[in-house]
Amino acid sequence: MKRVLITGAAGFLGSHLCDRFIKEGYQVVGMDNLITGSLKNIEHLFPLPEFEYYHHDISKFVHVPGKLDYILHFASPASPIDYLKMPIQTLKVSSLGTHNLLGLAKEKQARILVASTSEVYGDPTIHPQPEEYWGNVNPIGPRGVYDEAKRFMESITMAYHNFHGIETRIIRIFNTYGPRMRLNDGRALPAFMSQALTGQDLTVFGDGSQTRSFCYVSDLVEGIYRLLLSDYHLPVNIGNPAEITLKEFAEEILALTGSKQKLIYQELPKDDPKQRKPDITKATELLGWAPKVDRKEGLRITYDYFKEALNK
Ligand SMILES: NC(=O)c1ccc[n+]([C@@H]2O[C@H](COP(=O)([O-])OP(=O)(O)OC[C@H]3O[C@@H](n4cnc5c(N)ncnc54)[C@H](O)[C@@H]3O)[C@@H](O)[C@H]2O)c1
């Protein structure tokens, strides 16, 4: 049986990855320090003999007894309100934490996949963003703590690949959504949905003309699974290229929830990217991957989840 370590296991993406790898017949070791995650996301896995859980801060030395075939590094605060509240932990987890996990991968001769982000492109000056684009990031702006830490994570991962010859994979994830996101995590979709569901007006930043593209979580997980098992070590974008302005997105959520509230506009946060859309040519050509769940379907499933979460 193959054994995989998943960091950030109690978070939104980590918990879906735990489910997927258990389903594929792996032994899964989850690790988390719960700074933004919740054990609720993985409590259904605790009775399973093929699941183990370690409460641990990966920015400190990481030890896992026994063999490991794969490491999936998904630990990091991911939403702007989280990383603005925890700037130092955010910098540490993608720098010191990644270093610790690369050391572990070397020790165990395991293949490691690290979760990078479209934020490495910053406020992009080319559109859509292909992997060859180097980005436009403000290193000392408020978002720098996340963006630069992820850029460092990519650099040290490539260094371990080139210098130590370990097997590495780098995924650049574009905005992903689905069940188990936190209603109050500050990202656009949970914010709009919780406002719509609790009778508040929807807050749109700026004039709402900035664009994003939203990928449903099962599509992302499929992309991660394929990339891990591929033999490609350079970064690969995974995201849904269907682009929408935030104003249109808020209107879609009002229509979906049947809410009568209006949109209210607030000042655009500093360094907020104006546009975001992945070029997924590489993922399609190398992995045969393309998103399958359209926004209408994905939003419906996510809405049902949030409705239930609010009533609990
Ligand atoms: N969700 C997205 O749209 C998106 C987009 C791009 C990249 N990513 C990346 O994917 C990963 C997961 O994101 P998410 O949306 O699931 O966020 P999340 O906040 O739901 O999950 C992150 C998990 O990591 C844990 N964690 C944080 N620091 C830790 C540490 N030092 N030690 C151990 N555990 C720690 C948190 O407690 C949490 O459970 C992150 O690395 C993020 O940067 C996510």
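Side chains are part of it too, since the values below use all heavy atoms of this structure and drop only hydrogens, waters and symmetry mates. As the structure lists them, so they are numbered: ligands from 1, and atoms in each ligand from 1.
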Quiz item: With a cut-off of 6.0 Å (strictly less than), are more than 12 heavy atoms of other residues, nucleotides or ligands near CD of Q109?
Solution: no

Quiz prompt | Mode of S116 contact toward ligand 1 - side chain, backbone, both, neither (heavy atoms, under 4.0 Å) | solution = backbone

Self-check item: Per-atom contacts, ligand 1 versus G37 - under 4.0 Å to a heavy atom
Solution: 36 (C), 37 (O), 38 (C), 39 (O)

Self-check item: Proximal ligand 1 atoms for N175, defined as those under 4.0 Å from one of its heavy atoms
Solution: 3 (O)

Exercise. Considering heavy atoms of the protein only, find what lies nearest to atom 39 (O) of ligand 1 and give residue, atom and distance to 0.1 Å.
Key: D32 OD2, 2.6 Å

Quiz item: Nearest heavy atom to atom 26 (N) of ligand 1: which of N33, T7, I224 does it belong to?
Solution: N33

Quiz prompt | Nitrogen or oxygen atoms of S38 and ligand 1 under 3.5 Å apart | solution = no

Quiz item: Where on H73 is there a heavy atom closer than 4.0 Å to ligand 1, on the side chain, on the backbone, on both, or on neither?
Solution: neither

Exercise. Over 60° means perpendicular and under 30° means parallel, so classify the ring planes of F192 and F249, tilted if in between.
Key: tilted

Quiz prompt | Closest approach of E148 to N138 (non-hydrogen atoms, all atoms of both residues) | solution = OE2-C, 4.5 Å

Quiz item: Is the backbone N or O of V293 less than 3.5 Å from a side-chain atom of D219, with the two atoms forming a donor-acceptor pair by type?
Solution: yes

Practice problem: Can you measure from CG (D69) to CZ (R3) and round to the nearest 0.5 angstrom? | Solution: 9.0 Å

Practice problem: Show which atoms of ligand 1 fall inside a sub-4.0 Å distance from at least one heavy-atom site of A75. | Solution: 24 (O), 26 (N), 29 (C), 34 (N), 35 (C)

Quiz item: So, is I173 polar-close to ligand 1, with some N/O to N/O distance under 3.5 Å?
Solution: no

Quiz item: How far is atom 28 (N) of ligand 1 from its nearest protein heavy atom, and which residue and atom name does that atom have?
Solution: I35 CD1, 3.6 Å

Self-check item: Atom of A242, atom of R295 and distance for their closest heavy-atom approach
Solution: O-NH1, 3.9 Å

Exercise. Could you list which atoms of ligand 1 come closer than 4.0 Å to a heavy atom of R187?
Key: 1 (N), 2 (C), 3 (O), 15 (O), 17 (O)

Quiz item: Relative to each other, are the rings of Y53 and F51 parallel, tilted or perpendicular (30° and 60° limits)?
Solution: parallel

Practice problem: Please identify which atoms of ligand 1 are closer than 4.0 Å to at least one heavy atom of V93. | Solution: 28 (N), 29 (C), 30 (C), 31 (N)

Quiz item: Out of S59, G239, S76, A78, whose heavy atom is nearest to atom 22 (C) of ligand 1?
Solution: S76

Self-check item: Contact partition for L13 relative to ligand 1, non-hydrogen atoms under 4.0 Å
Solution: both

Quiz item: Sub-3.5 Å donor-acceptor pair from the side chain of T211 to the main-chain atoms of S209, do we have one?
Solution: no

Quiz item: Where is the nearest protein heavy atom to atom 3 (O) of ligand 1: which residue, which atom, and how far?
Solution: T176 N, 2.9 Å

Quiz item: Quick one: ring-ring contact (aromatic ring centres under 6.0 Å, His included) partners of Y303, sequence neighbours excluded?
Solution: none

Quiz item: What is the nearest protein non-hydrogen atom to atom 32 (N) of ligand 1, stated with its residue, atom name and distance?
Solution: I58 N, 3.0 Å

Quiz item: Between the side chains of S59 and Q89, does any donor sit under 3.5 Å from an acceptor?
Solution: no

Practice problem: Write out the residue and atom name of the closest protein heavy atom to atom 23 (C) of ligand 1, then the distance separating them to 0.1 Å. | Solution: G8 CA, 3.6 Å

Quiz item: What are the atoms of ligand 1, with element, lying closer than 4.0 Å to any heavy atom of T117?
Solution: 6 (C), 7 (C)

Exercise. Looking only at non-hydrogen atoms, find the nearest pair between K60 and H56 and report the distance.
Key: O-NE2, 3.6 Å

Quiz item: Which residue from L72, N41, T36 reaches closest to atom 38 (C) of ligand 1 through any of its heavy atoms?
Solution: T36

Quiz prompt | Contact (N/O only, under 3.5 Å) between D57 and ligand 1 | solution = yes

Quiz item: Which residue from Y146, F12, F74 reaches closest to atom 8 (N) of ligand 1 through any of its heavy atoms?
Solution: Y146

Quiz item: For S259, which residues count as a side-chain hydrogen bond (donor to acceptor under 3.5 Å, both in side chains) partner, sequence neighbours excluded?
Solution: T257

Quiz item: For ligand 1, is any non-hydrogen atom under 4.0 Å from K150's backbone (N, CA, C, O), its side chain (CB onward), both, or neither?
Solution: side chain

Quiz item: Any idea which atoms of ligand 1 are less than 4.0 Å away from a heavy-atom of G11?
Solution: 20 (O), 21 (O), 38 (C), 39 (O)

Self-check item: Same apolar cluster (I L V M F W Y, side chains within < 4.5 Å links), I173/L229
Solution: yes

Practice problem: Under 4.0 Å, heavy atoms only, figure out whether ligand 1 is touched by the backbone of L34, its side chain, both or neither. | Solution: backbone

Quiz item: At a 4.0 Å threshold, what atoms of ligand 1 neighbour a non-hydrogen atom of H56?
Solution: 32 (N), 33 (C)

Quiz prompt | Distance (rounded to the nearest 0.5 Å) between F12 CZ and Y177 OH | solution = 9.5 Å

Exercise. May I have the step-by-step check of side chain to side chain donor-acceptor pair (under 3.5 Å) for N237 and Y121, ending in yes or no?
Key: CA-CA 11 Å; N237 289 337; Y121 301 125; 2.8 Å; yes

